[in-house]
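First up is the structure itself, then whatever we jot down about it.
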Amino acid sequence: MTRKDKIFYGVMMIKDYSAKSAQPQPKITEQIAALLFNGQAGLLSPDHYEKMYPPRTLPKGAMVTRFAPSPTGLMHIGGVYMSLINKRLAEQSGGVFFLRLEDTDAERYNDDAVNTIVHALTKVGLLPHEGVVGQHLGQMQQKGNYGTYVQSQRKEIYHSFARHLIERGLAYPCFMSMEELDDIRAKQTLTKQRPGCYGKWAKWRDASVEQVQQALAKNLKYVIRLKALGSYERRLTWHDEIKGDISVPENDVDVVLIKSDGLPTYHFAHAVDDHLMRTTHVVRGDEWLASVPLHLQLFQAFGWQPPKYAHVGPIEKLDTQADGHHSRRKLSKRSDPEANVQYYFQKGFPVEAILEYLTHLIASSFEDWRRQNPEKPLAEFAINFKQFSPHGALSDFDKLTSISKDIIANLDAETLYRRALEWALEWDQPLAALMKNHVPITKNALNIERGGERRSKRLATWQDLRSQLFFIYDELFQQLPSLPFTDRPESDGRQAILSKFLKDYQPTWQKQEMLDYAKEMAIGFGFAPNSKTFDKNPGQYKGHFGDVMMVIRVAICGARETPDLWEVMQVLGVERVRQRLKNALHHGAAR
RNA sequence: GUCCCCAUCGUCUAGAGGCCCAGGACAUCACCCUUUCACGGUGAAGACACGGGUUCGAAUCCCGUUGGGGACGCCA
């Protein structure tokens with residue numbers, strides 16, 4: 001066993017806690033629990049749930065992981081990132097990846113959220129094996145034997161475990177009002193003390209049965225708080241799979257376990273659910289790191305083996321302050337459009353590009369692996385906690401774009417057409433219509449510079465299709481307000497080149513024949529045979545060979561940047577080529 | 001205010017005391033190739049935050065400083 005593998009949980013288990021604290025007043029805590037829960041006659045015992053959700057039978061070393069989003073609206077790119085990590089870890093170890101809906105905040109709940117999440121995960125191929133997999137006609141669709149995976153439907157379970165804690169003196173009802181809480185915090189801030197409900201501030205911690213009874217009689221709202229086991233003077237050490245060994249003061253705050261609306265807080269639900277769902281590894285954003293002492297204490301209170309924790313640094317963005325200084329911050333779904341996965345879909349990044357980019361963020365060694373295994377499915381790249389860096393990563397669109405170019409460049413024309421059309425159908429219907437009305441020419445155009453040794457990377461995203469394809473469609477070509485000729489040669493020179501080329505053009509020309517012809521023509525018109533010659537004596541020539549080709553290119557394609565001109569001409573066909581040359585001449589080869 | 005985490009080129013990072021006057025990828029620049037743009041090729045520039053230790057030797061270990069991030073809710 002290496003130092004890093006050492007588990008610290010065992011050390012901090014306080015075995016005789018219940019004997020020490022609960023013994024003096026076991027009856028009282030049971031009476032209080034009874035007061036609180038007698039109305040819920042059907043409440044089952046924790047034992048019942050333990051049997052209902054037995055340990056999973058999985059191969060040794062199998063990881064059970066999860067993605068636990070709260071349904072507040074959009075799908076954050078970080079959510080895809082977390083799903084990717086969790087799903088890979090589970091699959092690579094022969095385990096299970098499930099999705100649990102953390103919908104315990106009634107105020108932030110959003111109706112479409114589940115569909116948004118599931119739709120996004122479906123799209124990127126990261127649907128969970130178990131848990132919430134959809135929503136149909138207002139009904140959650142779920143898979144798996146450890147459900148329900150919707151927290152708002154698990155109220156009885158949380159209450160059962162909360163009652164258990166209260167009976168044993170490990171939790172208690174607290175009737176403090178919001179105003180009282182605000183007061184306390186104000187006092188604490190003023191006197192520079194730690195904020196929170198702990199020690200002497202936790203005034204309901206040791207309340208009598210009578211006090212509870214009276215408060216209930218007055219119909220006061222209450223929450224259930226943890227009776228914190230820790231002392232701020234002592235330190236707790238544990239091992240995080242990514243951050244390493246961490247040491248902090250123990251938790252002594254009586255945090256809320258059950259809110260006054262009866263729903264659990266994140267912390268309590270995490271402990272109960274991840275225990276009952278038999279999660280082995282909790283891999284989540286590192287904003288949760290500071291709650292680990294509390295979470296470990298909850299597991300300790302129940303006498304459960306806690307899961308292993310891995311806290312992943314966030315995807316960040318560079319923020320420029322008013323004073324010009326730069327600072328990093330987590331991508332915010334409110335102010336950063338690129339926080340939303342939908343943004344990447346709309347931009348037209350292929351799903352593989354998004355996933356490979358995120359994988360690169362997990363482990364930059366991925367790019368070496370990819371170079372060595374260009375054909376292998378991404379899922380075969382093995383990830384492990386050692387590869388994670390402990391800090392967050394800046395989102396880098398240049399890198400994403402580069403990956404995306406590589407991926408698109410490696411698609412064959414048929415696949416490219418299918419994928420591109422799929423995207424256009426959703427995001428650019430006019431283009432989709434053209435693609436569908438002109439299938440052969442579109443596929444031929446997409447096939448240019450494809451498949452050979454040197455694949456062009458002119459398409460970075462599906463959004464680039466339009467600018468790369470418009471000139472093969474007369475419908476779009478004719479909408480061009482003008483032809484983007486360059487200054488060299490001027491209009492007369494352009495006229496001369498175009499009319500001669502039109503006259504001599506042979507549709508049977510092979511590529512080299514056409515280039516040979518064009519070069520001869522260029523020289524005949526007083527152009528240099530190549531740019532090097534021209535650059536040496538610019539005064540002697542009207543321009544160079546490339547300039548002549550550019551005139552023809554612009555006339556035929558209406559663009560200065562195109563794939564190989566001869567290839568484009570083959571795709572367009574003789575008629576259209578002649579037509580466009582004539583058209584350019586007709587307009588006096590004007591810009 | 002308290003607590004925690006983090007710190008290598010612009011970015012993602014490799015680096016587990018000598019293989020490192022620090023390697024790769026993206027981005028940038030130059031040149032070459034070339035019918036334009038891409039592609040491809042070659043090359044350049046570019047980092048161990050700072051200060052102390054420990055050691056024969058430190059990017060790597062320790063301490064401190066600075067900087068960045070996070071947590072301290074009946075939000076997750």
Side-chain angles (χ1 to χ4, degrees), chain A residues 68-70 72 102-105 107-108 174 176 178 181 185 188-197 221-225 232 240 243-244 246-249 253 255-261 263-267 269-270 284-293 311 313-314 316 318 326-330 357 360-368 370-371 387 389-403 405 409 449 452-459 486 511 514-515 518-519 522 530-531 544-550 552-554 557 559-566:
Chain A
S70 60
T72 56
E102 311 238 316
D103 58 343
T104 56
D105 185 355
E107 279 183 27
R108 293 204 303 171
C174 167
M176 276 200 276
M178 291 297 188
L181 252 15
R185 189 163 305 117
Q188 288 168 328
T189 313
L190 207 67
T191 53
K192 301 196 170 176
Q193 298 179 72
R194 281 186 296 132
C197 187
K221 288 202 158 199
Y222 67 92
V223 299
I224 295 172
R225 287 183 184 275
Y232 199 71
D240 185 275
K243 307 271 183 188
I246 298 174
S247 173
V248 292
V253 178
V255 294
V256 174
L257 267 21
I258 304 282
K259 301 182 272 187
S260 59
D261 63 3
L263 287 167
T265 56
Y266 171 87
H267 309 292
H270 153 58
R284 61 202 342 179
D286 70 1
E287 68 270 24
W288 292 109
L289 194 61
S291 317
V292 172
H311 289 90
E316 299 166 354
L318 208 56
H326 297 289
S327 75
R328 294 159 157 250
R329 62 172 169 76
K330 199 173 149 182
Y357 169 65
H360 162 259
L361 247 34
I362 295 169
S364 73
S365 65
F366 167 71
E367 49 194 21
D368 295 330
R370 178 45 92 207
R371 222 173 299 130
Q387 296 161 323
S389 73
H391 54 263
L394 221 49
S395 96
D396 181 356
F397 268 78
D398 283 334
K399 186 72 190 177
L400 208 208
T401 301
S402 160
I403 291 172
K405 278 181 180 172
E449 292 172 345
E453 276 297 294
R454 293 180 166 194
R455 300 156 214 257
S456 87
K457 292 185 182 174
R458 17 174 61 90
L459 293 174
T486 59
K511 188 192 285 187
M514 184 179 95
L515 290 179
K519 186 160 279 185
N530 55 52
S531 57
H544 60 83
F545 181 40
D547 296 328
V548 172
M549 290 302 289
M550 183 56 85
I552 303 167
R553 180 189 314 280
V554 171
C557 299
R560 293 183 191 180
E561 292 161 24
T562 79
D564 184 279
L565 183 54
W566 183 82

Margin query: In whole Å, I'd like the distance from the CG atom of A/Leu565 to the P atom of B/U36.
Written below: 11 Å
Margin query: Between B/G70 and B/U55, how many Å separate the two C1' atoms, rounded to a whole number?
Written below: 36 Å
Check: Just how far, in rounded Å, is P of B/U36 from CG of A/Leu515?
Finding: 10 Å
Item checked: Minimum-distance nucleotide to A/Pro249 side chain [options: B/U35, B/C3, B/A76] -> B/C3
Margin query: Using a heavy-atom cut-off of 4.0 Å across all strands, would you classify A/Val248 as base, sugar-phosphate, or nothing?
Written below: sugar-phosphate
Next item on the list: Would you indicate what A/Met178 reaches in the nucleic acid, counting non-hydrogen atoms under 4.0 angstrom: base, sugar-phosphate, or nothing?
Entry: base
Checklist line | Along RNA chain B (nearest heavy atom to each residue), the more 5'-positioned of A/Tyr232 and A/Lys221 | finding: A/Tyr232
Note to self: Tell me the interatomic distance from A/Asp286, atom CG, to B/C72, atom P, rounded to whole angstroms.
What the structure shows: 13 Å
Next item on the list: Would you kindly give the CZ-to-C1' distance between A/Phe366 and B/A14, to the nearest whole Å?
Entry: 17 Å
Margin query: Using Watson-Crick or G-U wobble geometry with both distances under 3.5 Å, which nucleotide pairs with B/C20?
Written below: none
Note to self: So does A/Gly196 get a backbone contact from the side chain of A/Gln188, meaning a donor-acceptor N/O pair under 3.5 Å?
What the structure shows: yes
Margin query: Suppose you measure atom C1' in B/C63 against the same atom in B/U28; what distance do you get, rounded to whole Å?
Written below: 39 Å
Checklist line | Passing candidate, side chain to side chain contact (heavy atoms under 4.5 Å, CB included) with A/Pro264, options A/Thr104, A/Ile224, A/Leu257 | finding: A/Thr104
Check: What string of B, S and - do you get for nucleotides 7-12 of chain B 5' to 3' if you count protein non-hydrogen atoms under 4.0 Å?
Finding: S---BB
Checklist line | Minimum heavy-atom distance A/Lys457-A/Ala409, with the two atoms named | finding: CG-CB, 4.1 Å
Next item on the list: Using a 4.5 Å cut-off on heavy atoms from C-beta on, say whether the side chain of A/Arg455 contacts that of A/Lys405.
Entry: no
Next item on the list: Pick the P atom in B/G15 and in B/C20, then give their distance to the nearest Å.
Entry: 14 Å
Check: So what does A/Ser70 touch, heavy atoms closer than 4.0 Å: a base, only the sugar-phosphate, or nothing?
Finding: sugar-phosphate
Next item on the list: Could you state the atom-to-atom distance from CD1 of A/Ile403 to C1' of B/A27 in whole Å?
Entry: 13 Å
Next item on the list: Quickly work out the A/Arg185 CZ to B/G1 P distance and round it to whole Å.
Entry: 18 Å
Item checked: Atom-pair distance (CZ on A/Arg371; C1' on B/G23), nearest Å -> 12 Å
Next item on the list: Summarise how protein sits on nucleotides 43-49 of chain B as a single string, 5' to 3': B when a protein heavy atom is under 4.0 Å from the base, S for sugar-phosphate-only contact, - for no contact.
Entry: -------
Checklist line | Complement of B/C50, any strand, by Watson-Crick or G-U distances under 3.5 angstrom | finding: B/G64
Check: Quantified in whole Å, what is the P atom distance between nucleotide B/C50 and nucleotide B/U11?
Finding: 15 Å
Check: If you look at every strand shown and take non-hydrogen atoms under 4.0 Å, does A/Ser402 touch a base, only sugar-phosphate, or nothing?
Finding: sugar-phosphate
Margin query: For A/Phe397, is there any backbone N or O sitting under 3.5 Å from a side-chain donor or acceptor partner on A/Tyr357?
Written below: no
Next item on the list: Rounded to whole angstrom, note down the P distance from B/C4 over to B/G46.
Entry: 39 Å
Notebook entry, point to check: Across the strands shown, which category fits A/Asp564 at heavy-atom distances under 4.0 angstrom: base, sugar-phosphate, nothing?
Noted result: base
Note to self: Roughly how many Å apart are B/G24 and B/G57, using the P atom of each and rounding to a whole number?
What the structure shows: 30 Å
Margin query: I'd like the C1' distance from B/C21 over to B/A30, given in whole Å.
Written below: 25 Å
Notebook entry, point to check: Any side-chain heavy atom of A/Leu515 within less than 4.5 Å of one from A/Phe545?
Noted result: yes
Note to self: For A/Ala559 versus A/Arg553, what's the shortest heavy-atom pair and its separation?
What the structure shows: O-CG, 3.7 Å
Next item on the list: Can you tell me the pairing partner of B/G57 across any strand shown, Watson-Crick or G-U wobble, with both distances under 3.5 angstrom?
Entry: none
Notebook entry, point to check: If you measure from the C1' atom in B/U66 to the same atom in B/A27, how many Å do you get, rounded?
Noted result: 29 Å
Checklist line | Beyond-backbone contact of A/His544 with A/Asn530, side-chain heavy atoms, under 4.5 angstrom | finding: no
Margin query: Within the 4.0 Å heavy-atom criterion, would you say A/Trp566 contacts the bases, only the backbone, or no part of the nucleic acid?
Written below: nothing
Note to self: Donor-acceptor pair, distance only, cut-off 3.5 Å: does the side chain of A/Thr265 make one with the backbone of A/Val256?
What the structure shows: yes
Show every donor-acceptor pair shorter than 3.5 Å between a side-chain atom in residues 284-292 of chain A and any protein atom, with sequence neighbours excluded, or say none if there are none.
| unit_1 | atom_1 | unit_2 | atom_2 | d |
| --- | --- | --- | --- | --- |
| A/Arg284 | NH1 | A/His311 | NE2 | 2.9 |
| A/Arg284 | NH2 | A/Tyr266 | OH | 3.3 |
| A/Arg284 | NH2 | A/His295 | ND1 | 3.0 |
| A/Asp286 | OD2 | A/Lys243 | NZ | 2.9 |

Next item on the list: Grab the CZ-C1' distance between A/Arg194 and B/C72 for me, whole Å please.
Entry: 9 Å
Margin query: Just N and O in the side chain of A/Lys259: are any of them under 4.0 Å from OP1 or OP2 of B/A76?
Written below: yes
Note to self: Does the structure show a Watson-Crick or G-U wobble partner for B/C74, both distances under 3.5 Å? Name it, or say none.
What the structure shows: none
Next item on the list: Indicate whether OP1 or OP2 belonging to B/C4 is found under 4.0 Å from a side-chain N or O atom of A/Ser247.
Entry: no
Next item on the list: Classify the nucleic acid contact of A/Thr72 as base, sugar-phosphate or nothing, counting any heavy atom under 4.0 Å across all strands shown.
Entry: nothing
Next item on the list: Of all the heavy-atom pairs spanning A/Cys557 and A/Thr562, show the shortest one and how long it is.
Entry: CB-CG2, 3.7 Å
Check: Now, which nucleotide makes the Watson-Crick or G-U wobble pair with B/A25, with each of the two distances under 3.5 Å?
Finding: B/U11
Item checked: Close side-chain approach of A/Arg225 and A/Val255, heavy atoms under 4.5 Å -> no
Margin query: Students often get this wrong, so: under 4.0 angstrom with heavy atoms, is A/Pro563 touching a base, only sugar-phosphate, or nothing?
Written below: base
Checklist line | N/O donor-acceptor pair, side chain A/Arg553 with base B/U35, under 3.5 angstrom | finding: yes
Notebook entry, point to check: Given B/G73, B/U35, B/C74, which nucleotide is nearest the side-chain atoms of A/Thr265?
Noted result: B/C74
Item checked: Closest nucleotide among B/G1, B/A71, B/G69 to the A/Lys192 side chain -> B/G1
Next item on the list: Identify whether any heavy atom of A/Arg455 sits under 4.0 Å from a base atom; if not, whether one sits that close to sugar-phosphate; answer base, sugar-phosphate or nothing.
Entry: sugar-phosphate
Margin query: Return the pairing partner of B/U36 with a 3.5 Å limit on both distances, Watson-Crick or G-U wobble; otherwise return none.
Written below: none
Note to self: Does A/Thr189 reach a base, just sugar-phosphate, or nothing at all? Heavy atoms under 4.0 Å.
What the structure shows: nothing
Next item on the list: Choose from B/G1, B/A38, B/G69 the nucleotide whose nearest atom is closest to any side-chain atom of A/Ser456.
Entry: B/A38
Next item on the list: Would you mind reporting whether A/Thr189 and A/Arg185 have side-chain heavy atoms less than 4.5 Å apart?
Entry: yes
Check: Taking only N and O in the side chain of A/Lys457, is any of them less than 4.0 Å away from OP1 or OP2 of B/G40?
Finding: yes
Next item on the list: Could you check whether A/Phe545 gets within reach of a base, just the sugar-phosphate, or nothing at all, counting any heavy atom under 4.0 Å?
Entry: sugar-phosphate
Next item on the list: Using atom types as modelled and distance alone, determine if a side-chain donor or acceptor of A/Glu367 lies under 3.5 Å from a backbone N or O of A/His360.
Entry: no
Next item on the list: Could you check whether A/Lys511 gets within reach of a base, just the sugar-phosphate, or nothing at all, counting any heavy atom under 4.0 Å?
Entry: base
